[in-house]
Protein chains: 2
Amino acid sequence: MGTSIAELITDRMDAMPAGERRAAQTLIANYPLAGLKTVADFSQHAGVSSPTILRFVARLGFHNYAEFQATLQHELAAQLQSPLSRTERQSGHRGEEPAMLAATLDNIRETFGHVSPRQMDEIVALLAHPRASIHLIGGRFTDPIARYMAAHMTIIRPAVFHLSGQESNWRDRLIDMGRRDVLFVFDIRRYQDSLLQLAETAHKRGIQIVLVTDQWLSPIARFARHVVAGRTAVPSAWDSSAALFVFAEALIGELTRRLESESAKRIGELETLRKG
Amino acid sequence: MGTSIAELITDRMDAMPAGERRAAQTLIANYPLAGLKTVADFSQHAGVSSPTILRFVARLGFHNYAEFQATLQHELAAQLQSPLSRTERQSGHRGEEPAMLAATLDNIRETFGHVSPRQMDEIVALLAHPRASIHLIGGRFTDPIARYMAAHMTIIRPAVFHLSGQESNWRDRLIDMGRRDVLFVFDIRRYQDSLLQLAETAHKRGIQIVLVTDQWLSPIARFARHVVAGRTAVPSAWDSSAALFVFAEALIGELTRRLESESAKRIGELETLRKG
DNA sequence: CCAAAAACGTAACAATCGATACAGCGCGCG
DNA sequence: CGCGCGCTGTATCGATTGTTACGTTTTTGG
């Protein structure tokens, strides 16, 4: 479906009989609403008879009127989803977004503004290494984001682990990790001491650490190979982790693209596993 | 033309019966295309019967379905012809944000555009009830968001539980829940059957269900008191849960404000507990 | 806890829709 | 000038639509 119906029509309009051309013109004139009404309405509005409308539609390559309308609606749906001008059209009580929402959006933009494509690439490269194992963990409020990443990464590559449960268990896991492996940590203030100790121990063992933190930088930054500082300040009693979350999603997306060829086979196997 | 239909709906949605509210939600979720199809399509998509759709339309003040559709089309026509030509929506009008980031930001804005302050208020009121217990759960990828909410809510109010572990345990937890309690569910496609069954059982027990889903609406919407439809589509192999996450944060913020007086004491006690 | 009211779905109806067959009209080539 | 082909409108049929009545279920109020 490369071309829209509008282009299709203007292309072929010259090669049409008079009646069908009138149909085409009225459709273009108020596109695409004329095509969403009934055949009778359409025909009357164009000043032709109903069969002419149907012949016109058939000439465009559709098997019946319903198929034509369906295509038109899909096209329209795609258009309506991108811009958000809809809700603020009339009598803008929507003059300003809620302060918290605006701040969150700014945070996200700001966060991405400070992450260079090169850094992104390097982090993805670390996570994409086929022989590396990836261990994710977060703090009290950020651990869910670590889980979110783990849930996706488990699907596209092997050896992905989320460090959950007792803190003493974390340390024990370190024994399985080496220089090529990655410890992916989320830590925002108030920074958790337990995470710092884990990171320090991991660092001593030569494990690669990727840290996602806030703009004041967790002390773990000292041991990290890569540090991503997200903005978290919002007009609320809490800090916002939204920017970190979106960054995690971006990372997942990039990683998926990079691993596309290798993970395709894996995903297929997973599908059959689930159904079996 | 004073008010648009969308506003009309969000205004009156609270005063509607369950079935008609579901119709309203599906119409808002993908506005206004759902209303331009046939009654049968609309009803099936909303999971209700055709007469319910007609009653819904009648409640909005229209004499028949045709009149409703006509109004919807006029509204759409005015919107399509006004501002930007629709052909140049594709090319980069911004300062070169990555496509995925731009899509995510749009999704967030769009999602909040569809949530009325009133609905927000009602959800917060449910979560703020001092005698209610709150149980949160999510699907494969969204459960981390449920955890994130739970982590915050636990601090500002009692009786907050995240349903984790074996699926069979979820059901057993239902035994502690009654009419005043809340089951807060995240569910995006591919919708999980286990969550649906949980929600159905909970609904039969009269438990209030708040559902955060995607724009295609999880089948759980059928049992939910409140449905929030977030946008999840991004140019990636995955869907994006960022909008749901930000919504969760907004909910946490609002809830905190509402409970400020009651939770202050609680937070103080927690502080001393941690240090003690 | 029970009675009254509201809401919902099933089933049937009539109106309307999309689709097809057929006949009249206009146009161009021989 | 007349013959034939393509385009168009009228008439018609079956399918689908919107709509209504009715019985069951759910919710509300006392």
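Just the heavy atoms: all of them, side chains too, but no hydrogens, waters or symmetry mates, feed the values below. Source: prediction; values computed, not measured. First the proteins, then the strands, lettered A, B, ... as listed; each starts at 1.
With sequence neighbours excluded, the residues forming a side-chain contact (heavy atoms from CB on, under 4.5 Å) with B:Arg55 are B:Glu20, B:Pro51, B:Thr52, listed by chain and number. The ring-ring contact (aromatic ring centres under 6.0 Å, His included) check on A:Tyr148 picks up A:His152, A:Phe245, with sequence neighbours excluded. Not counting sequence neighbours, the partners of B:Ala229 by the side-chain contact (heavy atoms from CB on, under 4.5 Å) test are B:Ala29, B:Leu217. In this view, B:Ala202 and B:Leu174, B:Leu183, B:Ile207, B:Ile209 satisfy the side-chain contact (heavy atoms from CB on, under 4.5 Å) rule, not counting sequence neighbours. Judged as a salt bridge (charged side-chain N to carboxylate O under 4.0 Å, His left out), and not counting sequence neighbours, B:Arg131 has no contacts. In terms of the ring-ring contact (aromatic ring centres under 6.0 Å, His included) criterion, B:Tyr191 has no residue partners (sequence neighbours excluded). For B:Leu54, the side-chain contact (heavy atoms from CB on, under 4.5 Å) test picks out B:Val39, B:Tyr65, with sequence neighbours left out.
One atom, CD of B:Gln44, and another, P of D:dT16, lie 14 Å apart when rounded to the nearest Å.
Sorted by first and then second residue, the salt bridge (charged side-chain N to carboxylate O under 4.0 Å, His left out) pairs with a member in residues 162-176 of chain B form an empty list; sequence neighbours excluded.
In this structure, the helix from C:dC1-D:dG30 to C:dG28-D:dC3 shows an angle of 40° between the axis at its start and the axis at its end, each fitted on 5 base pairs and rounded to 10°.
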Report each atom pair, protein N/O against N/O of nucleotides 6-8 of chain D, whose distance is under 3.5 angstrom.
| from | atom 1 | to | atom 2 | distance (Å) |
| --- | --- | --- | --- | --- |
| D:dT8 | OP1 | A:Ala18 | N | 3.1 |
| D:dT8 | OP1 | A:Gly19 | N | 2.3 |

Taking N or O atoms only and anything under 3.5 Å, show me the protein contacts with nucleotides 24-30 of chain D, one pair per line.
none

Under 3.5 Å, which N/O atoms of the protein pair with N/O atoms of nucleotides 14-18 of chain C?
| from | atom 1 | to | atom 2 | distance (Å) |
| --- | --- | --- | --- | --- |
| C:dG18 | OP1 | A:Val39 | N | 3.0 |
| C:dG18 | OP2 | A:Val39 | N | 2.8 |

